[in-house]
There are 2 protein chains.
Amino acid sequence: MAGQPNDRAYAPPARCEMCVARYRALCSTLSGEQLDRLANMGRRRTVPANQYIFRDGDEALYFASILSGVVKLIKTTADGEQHIIGLMYAQDFLGHTFGKSHRFSAAAATEVELCTFPRAPFVRLLDDYPPMERWLFEFTVRELDHCRDWTLTLGRKSSYERVASLLLIIARRARYTGNGPLPRNYAQFELPLTRSELADYLGLTLETVSRMVGKLKRKGLIELRSTREVIVPDIGLLAAVASMDGSLDAEGRQKLLEPHE
Amino acid sequence: MAGQPNDRAYAPPARCEMCVARYRALCSTLSGEQLDRLANMGRRRTVPANQYIFRDGDEALYFASILSGVVKLIKTTADGEQHIIGLMYAQDFLGHTFGKSHRFSAAAATEVELCTFPRAPFVRLLDDYPPMERWLFEFTVRELDHCRDWTLTLGRKSSYERVASLLLIIARRARYTGNGPLPRNYAQFELPLTRSELADYLGLTLETVSRMVGKLKRKGLIELRSTREVIVPDIGLLAAVASMDGSLDAEGRQKLLEPHE
DNA sequence: CGAGTTCTTGACTCGCCTCAATTTGAGTGG
DNA sequence: CCACTCAAATTGAGGCGAGTCAAGAACTCG
């Protein structure tokens with residue numbers, strides 16, 4: 001999308017039927033002729049870790065489905081600070097704007113595989129085929145819900161709770177996106193972000209994040225195989241610490257009421 | 001929607017052509033037969049200030065366009081604290097969820113006039129008529145953009161900047177929604193929120209909000225005719241204080257670079 | 001193994017919260 | 001019109017949590 005010279009080469013799309021995204025992503029709404037149209041305009045692309053996919057203010061020339069990897073969404077403030085506003089995983093969609101230019105930057109947190117679609121024919125397909133637009137609309141509504149939940153985290157929670165909240169989100173998403181079935185209530189994953197990036201996501205400093213990760217570790221809520229490899233032995237307990245999370249499920253609420261510190 | 005006994009009586013819709021919302025709200029996408037369908041299912045309703053319109057968790061039985069007044073969107077945390085996640089004004093739409101129940105509460109900040117639509121026929125019209133769905137989709141995308149901008153305010157700004165940011169948003173919206181043309185760069189409006197509500201919006205305490213409003217007043221960025229009546233003599237200056245605001249326009253950016261404190 | 005980045009830990013500072021006392025303002029009844 | 005009441009807002013004193021600054025440890029990658 002940004003077209004840096006070091007981008008990997010374009011390749012024709014793998015047959016959609018064999019694609020990991022076929023039954024969960026945008027294309028799950030399509031079949032027959034419509035799917036052919038999308039497949040014909042789609043191009044696979046691999047983006048190495050830490051490379052920008054597009055930048056805030058860039059003209060929005062492409063849309064993309066994420067096939068694998070993790071993407072950071074980044075806002076840069078006037079004084080040059082970075083703030084991460086979201087993470088995108090496999091099956092998510094990038095570039096849901098009606099405007100001509102992007103409202104934030106997207107960068108690969110890990111190596112990322114994308115299926116990209118040029119703007120004009122994609123928008124035409126959207127106009128012709130309401131179910132696909134409906135999928136995008138619902139995706140956007142979910143994003144909005146998550147964003148509103150997140151404002152609670154940033155507005156009201158302590159640094160300890162914030163770090164727990166973010167790890168919880170990443171843990172759940174890792175469980176959902178991961179392949180193998182895991183023990184119930186258990187998660188193990190590689191953090192796609194550095195301490196500094198976690199801080200940019202949470203509105204904290206990297207020192208505070210480091211301290212709170214340490215505290216979670218001391219309290220036994222997480223284990224670290226390395227600084228990036230996290231194990232959450234009991235997701236419910238972590239949810240209890242993240243507390244008042246809105247997205248707190250019945251399970252978590254239960255744990256919260258049980259008599260342990 | 002909530003159906004409290006003290007709700008005013010339902011009335012048949014005023015002829016749409018005379019409605020303030022006709023050319024800006026959802027219904028601006030409609031004409032002829034489709035507009036008739038919407039008009040026939042719509043019911044006007046007046047909600048007095050400080051009354052709930054619907055509550056978090058309620059089954060979403062109605063959608064609504066706001067005709068006049070200001071609506072607070074409120075999340076209540078597990079421990080009972082309130083957090084305001086947004087304000088809605090005339091021409092905005094309430095209840096854009098695909099889920100069966102509301103994800104937050106809505107309450108009238110001022111007296112509010114609504115045009116309400118029962119869920120089932122409204123969703124049918126949405127299915128039948130893509131341009132209306134498109135309007136809602138675009139509205140949701142704008143909401144998402146604003147919400148993401150807001151996470152920057154909550155995550156990174158000082159209390160002074162936050163208060164300035166919120167007053168700026170309210171001032172701009174008041175200019176946009178207000179009737180008469182105002183002097184360029186000038187705004188005057190009645191705050192729809194108490195200090196305590198401003199604090200719930202900003203993730204601060206009411207004392208801090210009060211102090212920062214006082215500071216803005218001392219520095220001449222705002223004037224107060226009463227505690228609720230605000231005058232912003234120069235919106236650009238206020239935008240400069242709110243700074244790094246993302247939504248900072250060219251005008252504001254200009255001011256930011258000029259040599260005044 | 002060495003160089004650079006990332007992460008951790010400690011000491012100190014400061015901004016916002018907490019608690020508490022007034023002050024202001026709107027609404028009500030004498 | 002004024003006295004009374006109650007909610008809303010202001011102002012002040014003091015404490016704590018997260019930021020800042022700085023040093024050192026632990027990873028990563030030639």
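Note that the coordinates shown come from a computational prediction; the quantities given were computed from them, not determined experimentally. Protein chains get the first letters and strands the later ones, always in sequence-line order, with residue 1 at the start of each.
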B:Glu113: partners by salt bridge (charged side-chain N to carboxylate O under 4.0 Å, His left out), with sequence neighbours left out: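 Applying salt bridge (charged side-chain N to carboxylate O under 4.0 Å, His left out) to B:Glu113 gives B:Arg44.
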Should the pair A:Arg173 and A:Tyr176 be classed as cation-pi, given the thresholds of under 6.0 Å to the six-membered ring centre and 45° from the axis?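 No cation-pi geometry.
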Does a donor on one side chain and an acceptor on the other come within less than 3.5 Å for B:Gln188 and B:Tyr186?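 Yes, side-chain donor-acceptor contact under 3.5 Å.
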Could you tell me whether a side-chain N or O of [X] sits under 3.5 Å from a main-chain N or O of [Y], the two making a donor and an acceptor?
X        : Y        : result
A:Thr110 : A:Ala49  : no
B:Asp56  : B:Ile74  : no
B:Thr208 : B:Leu204 : no
B:Arg55  : B:Ser105 : no

In whole Å, I'd like the distance from the [atom1] atom of [X] to the [atom2] atom of [N].
X        : N      : atom1 : atom2 : answer
A:Leu202 : D:dA18 : CG    : C1'   : 13 Å
A:Arg195 : D:dG19 : CZ    : C1'   : 19 Å
A:Glu197 : C:dT5  : CD    : P     : 15 Å
A:Leu198 : C:dT6  : CG    : C1'   : 12 Å
A:Leu206 : C:dG10 : CG    : P     : 16 Å
A:Glu229 : D:dT28 : CD    : P     : 10 Å
A:Asn50  : C:dT5  : CG    : C1'   : 12 Å
A:Leu193 : C:dT6  : CG    : P     : 13 Å

Looking across every strand, which nucleic acid part, if any, lies under 4.0 Å from B:Thr227 by heavy atom: base, sugar-phosphate, or nothing?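 Since only primed, P, OP1 and OP2 atoms lie under 4.0 Å of B:Thr227, the category is sugar-phosphate.
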Base, sugar-phosphate or nothing for A:Arg228? Non-hydrogen atoms, less than 4.0 Å.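 Sugar-phosphate: the residue A:Arg228, judged by heavy atoms under 4.0 Å, touches backbone atoms but no base.
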Letter by letter from the 5' end, nucleotides 13-20 of chain C scores (B base, S sugar-phosphate only, - none; protein heavy atoms under 4.0 Å) ---SSBBB
Quick check on DNA chain D: between A:Ser226 and B:Leu224, whose nearest nucleotide comes earlier from the 5' end?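 Its nearest nucleotide being more 5', the pick is B:Leu224.
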